Amino acid sequence: MSATIVEPNPAAFTGGDATFIEDFATLCTFGATANGGVHRLAGSAADGEQRTWLTRLLEQHGFRVEFDRIGNQFGLLELVPGAPYVLVGSHLDSQPTAGRYDGAYGVLAAAHAAIRVAAHSENGTSKPQYNLAVVNWFNEEGARFKPSMMGSSVYTGKLALEDALTTADPAGVTVGEALESIGCLGTGGGPEAAYCAEIHIEQGRSMEREGVTIGVVDSNWAANKYQLVVHGEQAHTGSTVIADRRDALLGASMLVVAAREIADRFPGVLHTSVGQLDVYPNSPVVVPSKVTLLLDLRSADEEVLAQADQLLHDRMAEIEQLANVSVEKTSSHCWPVTPYQPEGVELSEKVAVDLGLPYGRVKTLAGHDSTNMKDIVPTVMLFVPSVEGISHNELEYTRDEDIVAGLHMLTAVVQRLSEGDLDGK
């Protein structure tokens with residue numbers, strides 16, 4: 001990786017665009033790391049600090065801020081009394097030692113877009129049919145609490161509230177306790193949505209490679225995500241005969257290799273990974289008796305995903321025999337390939353043409369809160385380029401001119417959604 005982080009430069013812009021870049025620079029200070037990234041896990045002190053800052057920003061512009069029962073943060077502006085809302089936003093929580101842009105850009109762009117649309121309504125250049133809601137979804141990343149996209153999953157009814165609130169992190173702190181500690185455990189189920197929009201960095205190289213400023217997302221990749229527990233038996237690493245060992249870490253290691261080998265059988269169309277291993281007892285002189293790991297498979301081709309999934313399960317049975325362990329699947333989090341509503345895609349393309357912004361259709365390989373929202377309301381998902389495709393890394397970077405262009409794009413899309421351009425389509 002050779003990307004170089006350039007500090008946000010408000011002086012290169014004027015008016016509201018300069019203010020946006022200034023606000024982004026401020027947002028980068030919450031949970032800032034020495035290497036230019038951020039570390040702000042869901043429900044942490046840094047998460048609480050940035051939520052407080054966002055509340056102040058929204059309230060300064062006339063929004064009413066509230067939290068729902070799973071800690072989703074909503075900035076509400078009623079333009080049409082009694083009407084449902086256009087929800088626009090992303091997430092502020094991050095992975096450990098992560099980049100500045102993932103999620104956070106989308107929340108701040110949503111706030112500034114909504115502020116601009118509200119101003120257009122006030123001066124008569126826009127006639128909204130719907131209200132505006134800026135949203136900061138809770139625990140999109142799933143780094144501290146599993147599963148990912150927790151806040152939007154509860155909002156959309158895919159995950160039971162009580163199951164989410166009682167989920168604990170590795171230290172035993174529950175979601176409910178973490179939200180209480182930062183003053184973000186609210187009441188109610190959030191505002192009623194009519195439409196939804198989200199903008200995000202691409203987290204890939206395709207847009208940069210093709211010279212595209214705006215990515216119009218038309219579909220997501222399917223994913224099968226499993227939590228697996230490999231069970232073995234504790235033993236002395238020095239004195240226990242190799243043939244007698246039931247080494248859980250050996251079995252887990254075989255699963256890691258198997259995942260990569262399966263990906264190599266479907267080059268370019270299947271991604272696999274193991275991102276976390278928890279080893280017990282994790283002592284230098286003890287053969288591990290238990291290893292918990294998270295393994296995922298992703299593809300835009302559901303037939304390929306099904307084949308890969310079968311290969312994985314076949315390989316799991318072989319590993320149980322080879323390593324003399326048992327493999328337990330304790331949870332799964334799966335979603336299919338589903339398109340974004342074509343009318344939203346077409347609206348976005350028209351807006352990009354009107355603004356003179358180079359655009360192209362793209363798919364999202366990662367999960368986003370909009371992938372939940374599109375299952376209940378028409379939803380628009382937009383991308384801006386990522387330099388070298390770097391993400392979940394402190395070197396993650398998107399150029400100022402691209403995040404400003406994305407703000408202009410999002411503002412126009414939200415205005416048209418709020419004016420009811422998709423009504424009846």
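Values in this document were obtained by computation on a predicted structure and should not be read as measured data.
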Under 3.5 Å, is there a donor-acceptor pair between the side chain of [X] and the main chain of [Y]?
X: E140; Y: M150; result: no
X: T33; Y: H39; result: no
X: Y195; Y: T379; result: no
X: N131; Y: A83; result: yes
X: S94; Y: R40; result: yes
X: E388; Y: R205; result: no
X: Y359; Y: S348; result: no
X: S418; Y: P128; result: no
X: H313; Y: D309; result: yes
X: Y397; Y: G99; result: no

Could you tell me which residues satisfy salt bridge (charged side-chain N to carboxylate O under 4.0 Å, His left out) with [X], sequence neighbours excluded, listed by chain and number?
X: D68; answer: none
X: E177; answer: none
X: D421; answer: none

Under a 4.0 Å N-O cut-off, is there an ion pair linking [X] with [Y]?
X: E49; Y: R51; result: no
X: D278; Y: K290; result: no
X: D47; Y: R144; result: no
X: R69; Y: E162; result: no
X: R416; Y: D354; result: yes

Looking only at the aromatic ring of each residue, does the gap between the centers of F74 and F67 stay below 6.0 angstrom?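 For F67 and F74, the ring centres are not under 6.0 Å apart.
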So, do F266 and H271 have ring centers that fall under 6.0 Å from each other? no
From D93 CG over to N136 CG, what is the distance, rounded to the nearest 0.5 angstrom? 7.5 Å
Under a 4.5 Å cut-off applied to non-hydrogen side-chain atoms, are [X] and [Y] in contact?
X: R298; Y: L270; answer: no
X: L322; Y: R315; answer: yes
X: E208; Y: V387; answer: yes
X: L57; Y: L108; answer: yes

[atom1] ([X]) with more than 12 external heavy atoms under 6.0 Å:
X: Y280; atom1: OH; result: no
X: K225; atom1: NZ; result: yes
X: E401; atom1: CD; result: yes

Tell me every residue that passes ring pair (Phe, Tyr, Trp, His ring centres under 6.0 Å) with F24, counting only those two or more places apart in sequence or in another chain.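 F24: ring pair (Phe, Tyr, Trp, His ring centres under 6.0 Å) contacts with Y101.
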Run the ring pair (Phe, Tyr, Trp, His ring centres under 6.0 Å) test against H392 and tell me which residues pass, sequence neighbours left out.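 H392 satisfies ring pair (Phe, Tyr, Trp, His ring centres under 6.0 Å) with no other residue.
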Check: [X]/[Y] side-chain N/O donor and acceptor closer than 3.5 Å:
X: T338; Y: N220; result: yes
X: N123; Y: T125; result: yes
X: S386; Y: Q203; result: no

For T14, give me all partners under side chain to side chain donor-acceptor pair (under 3.5 Å), at least two apart in sequence or on another chain. none
